[in-house]
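A note on names: the letters A, B, ... follow the listed sequences, proteins ahead of strands, and every chain is numbered from 1. Remember, it's a predicted structure, so these values are computed and weren't measured experimentally.
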Amino acid sequence: MKFGILITEGPYQHEASDSAYHFAKAALAKGHEILRVFFYQDGVLNSTRLMEPQSDDRHIQKQWSALATENNIDFIVCVAAAKRRGITDEVIAEGFKIGGLGMLTELAIEADRVVEFRA
Amino acid sequence: MAKLMIVFRTAPYGSIYAFEGLENVLIMGAYDQDISVLFIDDGVLTIKKGMDNSGTGIKDFSPTFRALEAYDIEKIFIDRQSMEERGLTMEDFVIEPEVIESGQVEKMMEEQKNFFMF
C-alpha cells in the first residue's frame with residue numbers, strides 16, 4: 001500500500017510523533033511504500049535540530065532524520081506553520097524540507113491512505 | 001479525480017484547527033478534485049453568523065467561508081443532529097450547507113479516498 005503520514009503534534013508532549021515513527025518503520029518493514037511524511041501545525045517542531053533531550057531519552061528529530069535519509073522518503077514541513085513557530089531553513093535538520101500546504105493535498109490524491117498522528 | 005473531504009469538528013478560535021481546515025479547503029479547491037466539506041459536532045459553530053472575536057486578537061476568518069463557491073466547492077454538508085443539539089437552524093449560518101443525517105456521515109466518509117479532520 002502507498003501510505004502518506006501526517007503529523008500534527010510536536011515532539012515529547014504527546015506520543016503522536018513516536019507513534020508515527022513506529023508506524024512508518026513497521027509499514028516499511030512489511031514492504032509498504034511511504035510517499036511522504038507531512039509535518040503540520042505543531043508537528044513542524046519535530047524538524048528542529050536545536051532540540052536537545054536528555055541523553056537517556058530518545059532523540060526524536062534524529063530518529064526522523066535517519067528514517068528519511070536511509071529510506072529516501074520525502075519529509076515536508078509546512079511553510080506557514082513553520083514560520084509561525086520560528087522553524088526556518090537555518091534550524092531544520094537533515095532529511096526535512098520546507099514546502100507548501102498543496103503538498104498535503106497532493107499526498108491525499110496520490111496515497112491509498114493518509115494516516116494522521118495527533119494529540 | 002480523487003474524492004477528498006475536509007471535516008470541521010471543533011469550534012473556531014479556541015484552537016487553530018478550524019482555521020487550518022479552511023486553509024486546506026481553499027488549497028484543495030485549486031487541484032480540480034472531488035472535494036466535500038462537512039461541519040459536524042462543535043464544527044458547526046465555525047460557520048455561525050455574528051461571531052465577534054474582536055477582543056481575542058485572532059484573525060476573523062468566518063467571512064471567508066462565503067468565498068467557497070468562488071473556489072468551485074459546492075459539496076458542503078452539515079450534520080443535523082450537531083446543529084439541533086446546539087439550538088442552531090439554517091438561518092444561523094453564513095453559508096447554506098446541505099443538511100444530512102448522522103447515518104449518512106459514515107457512508108460519506110467511507111466513499112472518500114482520504115479525509116482530514118480539523
Side-chain angles (χ1 to χ4, degrees), chain A residues 1-10 13-14 16-17 19-20 23-24 27 32-47 74 76-87 98-119, chain B residues 1-38 40-43 46 56-61 64 67-68 71-76 106 108-118:
Chain A
M1 193 176 271
K2 289 180 182 173
F3 281 112
I5 295 179
L6 170 62
I7 301 173
T8 51
E9 184 59 39
Q13 181 93 351
H14 293 276
S17 181
S19 300
F23 177 87
H32 297 293
E33 195 180 343
I34 294 170
L35 298 183
R36 175 176 292 156
V37 182
F38 194 88
F39 295 85
Y40 189 31
Q41 299 167 24
D42 277 353
V44 301
L45 297 169
N46 290 287
S47 70
D74 197 27
I76 298 298
V77 180
C78 174
V79 59
K83 280 189 164 180
R84 282 195 181 98
R85 294 164 179 83
I87 303 293
I98 290 180
L101 193 52
M103 296 173 93
L104 178 60
T105 295
E106 287 165 13
L107 187 60
I109 294 166
E110 286 159 26
D112 298 314
R113 288 279 185 285
V114 178
V115 186
E116 181 180 355
F117 293 85
R118 61 196 296 168
Chain B
M1 196 182 273
K3 283 176 81 71
L4 304 174
M5 183 181 241
I6 297 287
V7 183
F8 290 87
R9 60 174 310 184
T10 56
Y13 305 110
S15 70
I16 202 166
Y17 301 125
F19 175 79
E20 292 285 17
L22 179 59
E23 292 272 278
N24 272 276
V25 173
L26 299 179
I27 287 199
M28 281 185 171
Y31 279 81
D32 199 25
Q33 302 295 313
D34 184 356
I35 311 291
S36 301
V37 175
L38 171 66
I40 191 167
D41 300 340
D42 276 348
T46 310
T56 66
I58 302 171
K59 187 167 131 185
D60 178 11
F61 55 87
T64 314
L68 292 190
Y71 287 82
D72 284 332
I73 292 160
E74 288 154 4
K75 294 184 177 176
I76 305 176
E106 188 182 341
M108 203 176 269
M109 286 180 172
E110 273 176 8
E111 287 168 359
Q112 306 302 317
K113 180 163 194 198
N114 279 301
F115 62 85
F116 297 117
M117 294 274 194
F118 289 93

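With values rounded to the nearest 0.5 angstrom, A:T105 atom OG1 is found 7.0 Å from B:I6 atom CD1. To the nearest 0.5 angstrom, A:Q41 atom CD is 11.0 Å from B:F19 atom CZ. One finds the CD atom of A:E110 at 11.0 Å from the CG atom of B:N114 (value rounded to the nearest 0.5 Å). The CD atom of B:E23 sits 7.0 Å away from atom CG of A:L101, with the distance rounded to the nearest 0.5 Å.
Residue-environment remark: CD (B:E111) exceeds the threshold of 12 foreign heavy atoms within 6.0 Å. Environment of CZ in A:R36: crowded, with over 12 heavy atoms of neighbouring residues, nucleotides or ligands closer than 6.0 Å. Taking a 6.0 Å sphere around CZ of A:R84, one finds it holds more than 12 heavy atoms contributed by other residues, nucleotides or ligands.
Only the side chain of B:Q33 comes within contact range of chain A, judged by heavy atoms closer than 4.5 Å. Looking at B:Q112, there are no atoms closer than 4.5 Å to chain A (heavy atoms on both sides), in backbone or side chain. Using a 4.5 Å cut-off between heavy atoms, B:M117 touches chain A through backbone and side chain atoms alike.
Of all non-hydrogen atoms in A:G102 and B:I27, the two that sit nearest each other are CA-CG2, 3.6 Å. Heavy atoms only, all atoms of each residue included: A:M103 and B:Y31 are closest at N-OH, 4.5 Å.
In this structure, A:T8 and B:F116 have side chains that are not in contact, with every pair of non-hydrogen atoms separated by 4.5 Å or more.
In terms of modelled atom types and a separation under 3.5 Å, the side chain of B:K113 and the main chain of A:A108 share no donor-acceptor contact.
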